[in-house]
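Below: the structure, in structure tokens.
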Amino acid sequence: MRIIEYEGFRLLSEAGIPIPRFSVVDEPEGAVEAAKQIGLPAVLKAQVLVGGRGRAGGVKVVETLEDARSVASRLLGSEIRGERVRKLIVAEAVKHSEELYLSIIVDRASNRHLILASRMGGVDVEELSKSHPEALIRVPVDPLTGLREWHTRKLAAKLNLSTNTATQLQDIVKKLYNLYTQYHCDLAEINPLALTEDGRLIALDAKIIVDDNAARIKGFRFAAEAGAESEAEKLGLNYVELDGDIGVVCNGAGLTMATMDLIHTLGGRPGCFLDLGGGASSERVYTALKFLLNRPHIKLVFLNVLGGITRCDEVAEGIVKAFDEFGGSKKIVVRLVGTREEEGKRILESRNIGYFTRMLEAAEAAVKEAA
Ligand code: GDP
Ligand code: MN
């Protein structure tokens, strides 16, 4: 699965690789506002996944706010190689004197990772490997030993870079390699990796392809929502964002899936998959509810717990804490049965929080409330 550029930029940035300042916009007015903040000239970049975007007219430098408005109106809604443009990046236009190429790929022929780099960046690597094969430096990395200092030193030496640039490049290669392994990438490519007039290396493009199975685990289901999913991951939550409005949170993946199916069957639209896992503490329940209640697309939260190792009183404590903090803002429908059910119900009753014990009734109530 290919990750859209702005998500790719975020991954690069998280990994510590320099990127331009940028905003993501979906209307011309937004592009004007973004250009005001970022400063002129700015670069407008169509967020499409097809290759050769620049050459197909999807990357434009604008000098004035009027330009920003007209170029944005022209790009948004247009098609680039058959793909509709729904979003644009507005980025600071980085003045640079050189464009390098840098990527890491899985080399299936040698069962290794392969770092590719060149001083002749900006053009497609396929093109480069045909027209100037000698200008493309290849350094294989054995996945069992991983990236070593000598790999990056060799790469920098072969590129014949100045000491200052070589140091930066080595650092960027290490960071890109970390990102590449962490996200199980098939490809992590920066083209161009620009050398600015004052001697800084900065990534002006991000092409990242994540292994499909890893993408699912990592929550890249929708590239645009990867932000929320990686945020959830940091909280230790097993979360997949969906495009409905009912926040489904349960204990155990099986129950979560069954609950999503039921909501769907009853005519509702699940807005996420959130699995608390087994034996969730009150703190974990609270964290999950807080996270969901703060997601703008979630209208109502449906908490469905079947306590085994999970204790209903712990769950109830977590619900109470979330109620205290978010009380009126969004509705929470609770279904609670299982271990320490009576204690759990008493806690909810003492706070006048309603609950269900039958899953079907609870789901019906959730769908009705969200309609
Ligand atoms: P691609 O065609 O999808 O690979 O699009 P890129 O993001 O690589 O952009 C194509 C070309 O636009 C690059 O090779 C650069 O020469 C140029 N470009 C991209 N970003 C900037 C920028 O911030 N400043 C300047 N001056 N040029 C840029
Ligand atoms: Mn590029």
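All values below were derived from every heavy atom in this structure, side-chain atoms included, with hydrogens, water molecules and symmetry-related copies excluded. Read the numbers this way: they start at 1 and go in the same order the structure lists the ligands and their atoms. Numbers here simply count residues along the sequence, with the first being 1. Quick caveat: nothing in here was measured; it's all calculated off a predicted structure.
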**Q.** Salt-bridge present (Arg138, Asp107; N to O < 4.0 Å)
**A.**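 No salt bridge links Arg138 with Asp107.
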Q | Electrostatic pair Arg335-Glu361, nearest N-O below 4.0 angstrom | A |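 The answer is no: the pair does not qualify as a salt bridge.
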Q. Parallel, tilted or perpendicular for Phe22 and Phe9, by the 30°/60° rule?
A.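 Judged by the thresholds at 30° and 60°, the geometry between Phe22 and Phe9 is tilted.
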Q: Could you tell me whether some N/O pair between Arg55 and ligand 1 is separated by less than 3.5 angstrom?
A: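 N/O-N/O distance under 3.5 Å: no.
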Q: Could you tell me whether Val43 and ligand 1 have an N or O pair separated by under 3.5 Å?
A: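 Not met; the criterion fails.
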Just wondering, do [Y] and [X] contact through their side chains at under 4.5 Å, heavy atoms?
X      : Y      : result
Leu235 : Phe291 : yes
Val59  : Asp205 : no
Gln168 : Arg200 : yes
Tyr180 : His113 : yes
Val333 : Ile246 : no

How far is [atom] from the closest protein heavy atom, and which atom is that?
atom                    : result
atom 4 (O) of ligand 1  : Asp205 OD2, 3.0 Å
atom 27 (N) of ligand 1 : His96 CE1, 3.6 Å
atom 17 (C) of ligand 1 : Glu99 OE2, 4.4 Å
atom 3 (O) of ligand 1  : Arg53 NE, 2.9 Å
atom 23 (O) of ligand 1 : Val94 N, 3.2 Å
atom 9 (O) of ligand 1  : Val59 CG2, 3.8 Å
atom 21 (C) of ligand 1 : Leu204 CD1, 3.5 Å
atom 2 (O) of ligand 1  : Gly54 N, 2.6 Å

Q | Per-atom contact, atom 25 (C) of ligand 1, protein heavy atoms, under 4.0 angstrom | A |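 Under the 4.0 Å cut-off, atom 25 (C) of ligand 1 does have protein heavy-atom neighbours.
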Q: Go through the side-chain N and O atoms of Glu349 and Tyr355 and say whether any donor and acceptor fall under 3.5 Å apart.
A: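 On atom types as modelled, these side chains qualify, holding a pair under 3.5 Å.
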Assess [X] for proximity to ligand 1: is some non-hydrogen atom of it under 4.0 Å away?
X      : result
Pro20  : no
Lys95  : no
Pro192 : yes

Q) Excluding waters, which protein N, O or S atoms are within less than 2.8 Å of the Mn ion (ligand 2)? A)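 As for protein N, O or S atoms lying under 2.8 Å from the Mn ion (ligand 2), they are Asn191 O, Asp205 OD2.
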Q | Under 3.5 Å: donor-acceptor pair, side chain of Asn238, backbone of Leu274 | A |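 Flag not set: sc Asn238 to bb Leu274 has no pair under 3.5 Å.
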Q: Answer yes or no: is there a donor N or O on one side and an acceptor on the other, between the side chain of His297 and the main chain of Gly271, under 3.5 Å?
A: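 Checked: pair present.
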Q) With Ser129, which residues qualify under side-chain contact (heavy atoms from CB on, under 4.5 Å), at least two apart? A)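 So Ser129 forms a side-chain contact (heavy atoms from CB on, under 4.5 Å) with Leu136.
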